[in-house]
Number of protein chains: 2
Amino acid sequence: MPGNVAHLTSPHVNAYIAVVNTSEGGLGVGGLGTEPIPGRARATIEDVAAAAGVSVATVSRALRGLPGVAAPTRERVASVAEQMSYRADPAASRLAMGRSRSIAVAVPLLNGWYFSQIVAGAEAICALTGYDMIVVGLYGDAARRSFIDAGDSIHRRVDGVIFVEIPLTENDVSDLMARGLRTVTIGQATHRFPSVGIDDTYVGDLATSHLLSLGHTRIGLIGDQPANPDGRVVPALRQTGYAQALGRAGIALDPKLQVSGSFTMVGGLAAMETLLELADPPTAVFAMSDEMAFGALVAMKQRGLSAPKDVSILGVDDHDLSELVGLTTVRQIASDHGSRAARLLISQLEGNASTVARYDGVVELISRESTAGT
Amino acid sequence: MPGNVAHLTSPHVNAYIAVVNTSEGGLGVGGLGTEPIPGRARATIEDVAAAAGVSVATVSRALRGLPGVAAPTRERVASVAEQMSYRADPAASRLAMGRSRSIAVAVPLLNGWYFSQIVAGAEAICALTGYDMIVVGLYGDAARRSFIDAGDSIHRRVDGVIFVEIPLTENDVSDLMARGLRTVTIGQATHRFPSVGIDDTYVGDLATSHLLSLGHTRIGLIGDQPANPDGRVVPALRQTGYAQALGRAGIALDPKLQVSGSFTMVGGLAAMETLLELADPPTAVFAMSDEMAFGALVAMKQRGLSAPKDVSILGVDDHDLSELVGLTTVRQIASDHGSRAARLLISQLEGNASTVARYDGVVELISRESTAGT
DNA sequence: GTGAAAGCGCTAACAG
DNA sequence: CTGTTAGCGCTTTCAC
């Protein structure tokens with residue numbers, strides 16, 4: 001049976017090795033970072049100024065490439081700074097300039113494939129531009145509110161934020177603007193901040209149409225809570241596309257065919273079980289993410305069913321593993337969304353006029369073995 | 001054929017919508033964040049002090065819960081601060097205190113499953129303790145050096161770092177110490193900093209032994225560059241375990257059976273191809289990560305082979321999808337490693353004596369369908 | 001082209 | 001218990 005196991009547990013389980021407590025004076029395994037770390041005195045801008053025989057103002061200007069410094073001076077300062085391996089203390093310059101040269105990426109969960117792609121994409125741009133990227137997980141409404149409210153975090157810690165699939169209410173948006181925080185969203189479009197994403201209605205339509213064209217008429221949907229009032233907008237749009245395609249084909253919506261999979265593999269598994277237990281189960285299922293589709297495949301496998309023989313399955317993302325399991329999917333380039341958003345945000349922070357209201361990424365249907373005709 | 005596709009390209013591809021340039025005065029789509037954002041004047045500690053009729057010192061003390069403040073005073077300050085929604089400017093307090101209340105997590109790549117689990121685990125602890133987590137991708141030696149050298153980043157931006165599978169030389173270690181940067185490693189153990197990981201030699205042995213016990217004698221290994229001089233230590237250890245088990249069974253090592261998969265799915269795929277093209281291919285393969293194992297499965301599938309019929313495959317991680325594809329694997333709880341490391345680091349930053357030199361996580365063999373007897 | 005000095009907003013002695 | 005004050009290290013007018 002799948003997942004049944006021989007639990008050859010490691011003999012090394014939970015091995016806390018070498019408990020050291022140096023509060024009573026530094027004995028213990030190799031001084032595990034408890035001794036007062038020396039931290040050789042760092043050079044300050046004054047040290048550099050003195051060594052270069054100029055004022056701190058000149059050092060500051062020279063090192064940051066500001067105009068109004070004679071070429072020879074600039075060079076001298078640079079080399080002195082270099083050899084003292086001087087670097088401006090970020091905290092000090094943040095305080096003086098009021099900008100932190102860092103951004104936050106807020107995601108609803110961190111271990112999803114889609115989100116890690118986004119984070120990877122954004123990180124690449126941050127590395128390129130010298131920005132720090134802090135990532136924060138916002139699980140649920142409360143976390144989102146406390147993050148946005150003056151009540152919490154971001155405030156002055158970052159210059160801007162990328163909200164990834166975080167449902168922003170009108171209220172949130174105005175709070176954000178009032179706070180003067182540059183914002184870019186991924187997924188949802190706010191009409192106030194630039195955003196990047198895909199045409200999710202089109203995605204839902206494309207997926208469903210594909211299934212329809214194969215002859216299916218009873219098509220299940222694995223998505224998000226349909227009842228979620230203030231929920232993510234992406235699932236809703238994909239659902240709209242689904243309904244739209246069905247409508248065009250003259251097929252009535254069946255609420256029982258639409259279940260939530262919480263955008264996780266286990267959620268998809270449970271959702272598929274629900275679908276399979278229906279008196280009149282679907283012959284094809286559109287899962288709004290590949291991970292949920294994987295879950296659906298597992299559910300089928302557990303009952304001795306397989307795709308597309310018993311039910312066709314179609315996902316969204318083109319996860320790294322979709323090819324392995326032969327999953328038909330609507331591909332999007334998630335890491336691109338992340339880097340795009342970061343570029344948009346940072347370019348804005350650098351004072352460039354924002355140029356894009358919405359960037360819609362590429363989308364295409366990749367037909368593999370998990371879908372077939374009836 | 002797998003991966004062959006119907007490219008129904010979206011008609012919405014690359015749609016740059018609404019190009020706005022307000023450098024010539026605010027017309028354009030709904031003011032896309034180009035206008036001088038107001039950013040209502042933030043309250044400073046002085047404002048609060050004035051409003052509460054106390055000194056800034058008292059405000060500071062009261063708000064941070066320091067001793068030596070009368071209860072009524074503390075309360076009054078708190079409520080005034082609350083209703084002015086005052087929050088200490090992090091840049092200022094960082095400068096004054098010399099601590100940033102943030103840590104960095106450095107990973108060699110961001111889109112691997114293992115690493116996103118780690119990041120997720122660490123983030124949870126940071127959220128809990130009020131630390132910011134900045135994540136940085138260190139691809140290759142140069143990036144690592146420039147990160148560690150005074151020459152670059154971290155310096156004063158974070159109080160501590162978690163290095164995830166970043167090979168640290170003795171030199172790196174002393175630089176880090178000299179710099180006074182609290183450090184925790186995941187994977188490699190340095191004997192200077194606390195570390196978390198698993199017993200990787202044991203992992204290699206466990207996996208190989210399992211294959212041996214099934215009767216296999218020709219066992220391939222998909223890992224990392226064996227020749228990498230300064231490479232990650234984890235692959236080397238797992239390889240040691242592999243050699244160890246083989247040795248116990250009296251089987252000689254065959255270099256041709258050991259190939260690099262770069263710890264990615266495509267790398268695993270290529271590695272498996274190499275293995276399959278051998279004159280005398282293995283009957284079982286131990287891949288050092290599930291993702292590489294997935295790649296191996298794809299390679300087999302592409303040639304009309306399947307596991308375990310033609311070759312048994314075994315991975316490491318227990319990836320979310322391993323159950324789906326029925327992959328036998330050595331499970332580790334990656335997110336745990338991340339949270340553990342974060343806890344270790346932060347507790348140290350909070351001044352607690354470090355208590356653990358090395359935390360070894362749980363490991364167990366999960367036997368599924370991808371392995372069978374000869 | 002360069003320097004002097006006034007902050008940025010907070011923390012931490014040191015007095016009272 | 002509370003207030004005064006001197007920094008933290010950098011940026012940025014404003015003079016020279």
Side-chain angles (χ1 to χ4, degrees), chain A residues 39-78 80-81 84-102 130 150 155-159 180 351, chain B residues 39-78 80-81 84-102 130 150 155-159 180 351:
Chain A
R40 68 175 169 230
R42 295 184 344 94
T44 75
I45 198 173
E46 294 210 323
D47 302 331
V48 177
V54 296
S55 74
V56 294
T58 299
V59 174
S60 179
R61 287 191 278 251
L63 259 26
R64 289 184 305 147
L66 296 183
V69 180
T73 312
R74 185 185 300 281
E75 270 174 38
R76 185 156 33 89
V77 170
V80 169
M84 298 178 83
S85 73
Y86 165 79
R87 211 127 326 245
D89 182 314
S93 73
R94 282 170 194 200
L95 178 57
M97 300 204 291
R99 303 186 347 93
S100 62
R101 277 193 84 75
S102 60
H155 208 32
R156 282 261 166 164
R157 293 220 296 256
V158 297
D159 301 331
Chain B
R40 68 177 167 225
R42 293 184 346 92
T44 75
I45 199 174
E46 294 210 323
D47 302 331
V48 177
V54 295
S55 74
V56 294
T58 298
V59 172
S60 179
R61 287 191 279 252
L63 259 27
R64 290 184 302 149
L66 297 183
V69 180
T73 313
R74 186 185 300 280
E75 271 175 37
R76 185 156 36 89
V77 171
V80 169
M84 297 177 86
S85 72
Y86 165 81
R87 211 124 327 238
D89 182 316
S93 72
R94 282 171 192 200
L95 180 56
M97 300 204 291
R99 307 193 337 100
S100 62
R101 278 194 82 77
S102 59
H155 208 30
R156 283 260 165 161
R157 293 220 297 257
V158 298
D159 301 331

> For A:T73 and C:dT2, is the shortest distance between a side-chain N/O and OP1 or OP2 below 4.0 Å?
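It does, given that an N or O in the side chain of A:T73 lies less than 4.0 Å from OP1 or OP2 of C:dT2.
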> Answer with base, sugar-phosphate or nothing: what part of the nucleic acid does A:A57 contact at a heavy-atom distance below 4.0 Å?
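Base contact.
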> Could you tell me how far apart A:R101 (CZ) and D:dT11 (C1') are, to the nearest whole angstrom?
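Nearest whole value for this atom pair: 15 Å.
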> Between C:dC8 atom C1' and B:E46 atom CD, what is the distance in whole Å?
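Taking atom C1' of C:dC8 as the reference, CD of B:E46 is at 11 Å.
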> Tell me the closest heavy-atom pair linking A:R61 and A:P67, and the distance in Å.
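Smallest heavy-atom distance, with atoms named: CD-O, 4.4 Å.
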> In whole angstrom, give the distance that lies between atom CG of A:L66 and atom P of C:dG3.
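Rounded to the whole Å, the gap is 15 Å.
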> Nearest to the side chain of A:L95 - C:dC8, D:dG3, D:dT12?
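Nearest to the side chain of A:L95 among the choices is C:dC8.
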> Only one of B:V69, B:T73, B:V48 clears side chain to side chain contact (heavy atoms under 4.5 Å, CB included) with B:V59; which?
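When side chain to side chain contact (heavy atoms under 4.5 Å, CB included) is applied between B:V59 and each of B:V69, B:T73, B:V48, only B:V48 qualifies.
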> With distance as the sole test, does A:R99 use its side chain to make a donor-acceptor pair with the main-chain N or O of A:S93 at under 3.5 Å?
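Here the side-chain-to-backbone pair does not exist.
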> By nearest heavy atom, map A:D89 and B:R74 onto DNA chain D; which one lands nearer the 5' end?
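Closer to the 5' end of DNA chain D: B:R74.
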> For a quick test of reading the model: is some side-chain N or O of B:T58 closer than 4.0 Å to OP1 or OP2 of D:dT2?
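No.
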> I want to check one thing: is the phosphate of C:dG9, taken as OP1 and OP2, less than 4.0 Å away from some side-chain N or O of B:R94?
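Indeed not, no polar side-chain atom of B:R94 lies that close.
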> Would you check, one step at a time, whether the test side chain to side chain contact (heavy atoms under 4.5 Å, CB included) holds for A:R157 with B:R87?
CA-CA 11 Å; A:R157 293 220 296 256; B:R87 211 124 327 238; over 6 Å; no
> Specify the separation, in whole Å, of atom CG of A:L63 and atom P of C:dT2.
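Distance check: A:L63 CG to C:dT2 P gives 14 Å.
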> Is the phosphate of C:dG3, meaning OP1 or OP2, less than 4.0 Å from a side-chain N or O of A:S55?
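Yes, A:S55 has a side-chain N/O under 4.0 Å of OP1/OP2 on C:dG3.
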> Rounded off to whole Å, could you give me the CZ-to-P distance for the A:R156 and C:dC10 pair?
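Result: 9 Å.
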> What is the minimum heavy-atom distance between A:G65 and A:R74, and which atoms define it?
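That closest heavy-atom pairing would be CA-NH1, 3.4 Å.
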> Under 4.0 Å between any heavy atoms, over every strand shown, what does A:R61 touch: base, sugar-phosphate, or nothing? Just pick one.
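Touches a base.
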> If I take atom CD1 in residue B:I45 and atom P in nucleotide C:dC8, what distance separates them, rounded to the nearest angstrom?
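Spelled out: CD1 on B:I45 to P on C:dC8 is 14 Å.
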> Tell me the interatomic distance from B:M97, atom CE, to C:dA12, atom P, rounded to whole angstroms.
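After rounding, the gap between these two atoms is 6 Å.
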> Does a side-chain N or O of B:S60 approach OP1 or OP2 of C:dC10 to a distance below 4.0 Å, or not?
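Negative; the distance criterion is not met.
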> Return the 5'-most residue of the pair A:V56, A:V69 with respect to DNA chain C, ranking by each residue's nearest nucleotide.
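Between the two, 5'-proximity favours A:V69.
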> Taking atom C1' of C:dA13 as reference, at what distance in whole Å does atom CZ of B:R64 sit?
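Rounding to the nearest Å, CZ of B:R64 and C1' of C:dA13 are 13 Å apart.
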> Take B:A96 and B:V54, find for each the nucleotide of DNA chain D with the closest heavy atom, and name the residue whose nucleotide sits nearer the 5' end.
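It is B:V54 whose nearest nucleotide is closer to the 5' end.
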